[in-house]
Every structure is written in C-alpha cells, then in structure tokens.
Amino acid sequence: MHLTTEEESILNGEQGETKQQLMEILTGIGKVFGAEEMVPVRSAQVSGASYKTIGEWGLKWLASLDAHATVPAVLNPVGMDRIRWEEMGIDPAFAKKQLEVISAYDRLGIRLECTCTPYYLNITEYGDHLAWSESSAVSYANSVIGARTNREGGPSALAAAIIGKTPKYGLHLVENRKPGVHIRVEGEPKGADAAWYGALGYLAGKISGNRIPVFSGIRPGRDQLKNLGAAMAATGAVALYHVKEITPEARIFSYSTEGLEDVIINADEVASLFTGEQADAVAIGCPHCSPDELMAISDLLEGCRVTMPVYIFASRDVIDREAGYVRKIESSGARVYADTCMVVSPALERYDRIMVNSGKALAYVPTMCGAGAVIGSTKECIKMATAPRP
Ligand code: F3S
C-alpha cells in the first residue's frame, strides 16, 4: 500500500501514539482488502456509541485516546435521548454509563449528534468519499447521493474521523459499484408512501444478499429511497443499490441489465406484509425522520390525541430546526426523541407489538427489542395511534 510522507510519519508515531494506533487500524484494513492508497474523507459517522454495545472495555479504550477529529464527524444512535432519557424510562445506571461514552466522544471532537441520517446535517455530495458506519446511512450515501463509503466498523470510522482518510478499496472504487442483480417491480402503486418501499426493500434485501441490485419499475422520492435502502441493508447486506432513471449513478452510467439474474417482485407480495394487526405502541423514524416526514406526521396528528404510546425519532438538529412541527406533534401526546431509536433503545422492550412504517424496523424490532412488529403506512400508524380505546 502506497503511503504519502505525511501518512508514513503518522504511522511511525511522529504525531503521537493515538494517531499512530489509528493509522495502524486503517493501514491494516487497507492491506487486508488490497487498497493501493488512502483517500481523504469529507465526513465520518462513528458507530459503537451505545454503552450496550461497547461496554466498559470500549469506554476505557476511548478514554485512552488523545486526538481530535479533523473532519466533520457524528455518532450513531445511542440507547436513549441524551436529554430526555428519564422521560423515556431509562435506568439511571445505564444512562450514567451512556453519558460517559458520549462525553468520551465529545473529547475526541465528534459532534454530539447521534443519528443514522448524517446526510441531513453535513453537506454530502456526489463523488464524496466518506467513512460512515450505520448500514442505512451507508446505503443512502452510496445510492441516493452517489457518495462513496464502505460500511465502516466503529474503530475504523473513528480512525478516519481523526486521520481524515480511509483506505481506498471496495465501494470507493467505481469498478466495484456495478449492479449484480436486476429487480423488476410490477404494479408499483401510485403515490405509495415510504412504508411501501420499506416493505419492498424487506423482500429485495433477502433476494439481493450482498449483491448490488438495480431496480426497474419504480419511481421513488428521497424518503422512499431512504426506507428502501434501510430495509435492504437489514434483510440483506446491501450497501449500494441503483434505481433506473432515478438514482445518480443509474442516470450517469445507464447500467445494462443484460446477463444479470432477473427477479420479479410484484405489488401483491409487498402488500402481503401489511397485515393490519393490532399493536400496543407506534414507532416512526427508522431511519430518523426527515423534515418532510415530521411535517407530514404533524399534519396527520393535527387536532388529535393519541390513545397509545407513540414514539417518533429524528436527529437533534432536524428536531431543533423543525421545532414548530415537533410542538404540534407533541401536543397530541406523541413524543419526538433525538439521539436514539426504536431498535437501539431499551425503552421499547416493554411492548408486545409495535406498529412501524419501516421495513428495517419490521426486520429488527422482533430480534433486537423482543417485541412483535407490524408494518403500516404513516397514515395507518397514526390512525391506529389515535383510534378510540375502550
Ligand atoms: Fe436508524 Fe435505528 Fe433504524 S439506527 S436506521 S432508526 S434501527
């Protein structure tokens, strides 16, 4: 692997022990995956932020580091809203440890935004190289924006945040971004909401595995693409997908589907996932809500009271920017939390079945929260949440 003089000096420890250790992580990964060089990154998103995941050992490792991020960097969602955790019913002992992890990252210059939607915070553009770690964020960056990132682990994303570079292999290289399977969708409903694309992604991820799918027969918008990619990253290992005539690389390279396995998913298969079962809580915001989604939820809740617990998740930055919608949503009794989500927070483990509008949450809530999950459109979620109860 070719290193510049500057990179060599970091690796030799001339810029301190921490940077040396982090450069060793990056070059080690680069060697394993055959990278020829390092590439500067525009931003990083660091996983390993939940105390539940990293534990005492991870906390000690973070405390031992002495360096500062050199590119904009944020964290993955953690186990609780770092301000409103008591209201979420989080155990104070867990909260104390979680806050220690967050302040360890703060000391390292990582912005205290714990979100899977860093693309609403930092400018991310076509062709940017990134070091992001959360699977839905990686999928969105690669597919919807046309930026380039592998799915980083916590230490490698942190190393990239501090060094400002990542090894150039995998999805950083244009030749590795071609489709490997063609998914033809039949009967896309007109005006389908994001949940429909989440359900489509739930099915398509199982078919794709770790291949890069190219879709035809659908015309999703940005929030729909977000849900589609998140679900495929959950039921498969899809870090990049293309949609003919919609996503940037499909438009630029007009990939041919000749010679690819051709799979059909029809609207009836997608519809069969919407079972309409009763739930005892509603959770929206997987991935974290966009400003448009908060607006749509606040419109649906206008003048209503919720009759079951309703959790909405978004990044703190989006919540602060859209304070008007958030106030309207909360006046219905629903709660809008930052920093966390329905899957990583222990707060939702107390329910039997949760209604979600996300294919990713449909896949993960049963395994990670131990609750059942049912998928519905955002409208159906709000309808269930506000229905009269005996
Ligand atoms: Fe984000 Fe949590 Fe879903 S991290 S993608 S809201 S599982």
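Counting starts at 1 for both ligands and their atoms, following the listed order.
- For the atom pair M1 CE and E36 CD, the distance stands at 10.0 Å (nearest 0.5 Å).
- Pairing each heavy atom of N150 with each of Y169, the nearest pair is ND2-O, 3.1 Å.
- Rounded to the nearest 0.5 Å, atoms CD1 (I329) and SG (C304) are 12.0 Å apart.
- The distance from the CD1 atom of I382 to the CG atom of L301 is 4.0 Å, given to the nearest 0.5 Å.
- For a distance threshold of 2.8 Å, the protein N, O or S atoms nearer than that to atom 1 (Fe) of ligand 1, listed by chain and number, are C116 SG.
- Within the 4.5 Å cutoff, the side chain of M308 has no heavy atoms near those of the D280 side chain.
- Under the salt bridge (charged side-chain N to carboxylate O under 4.0 Å, His left out) criterion, E249 pairs with R177, not counting sequence neighbours.
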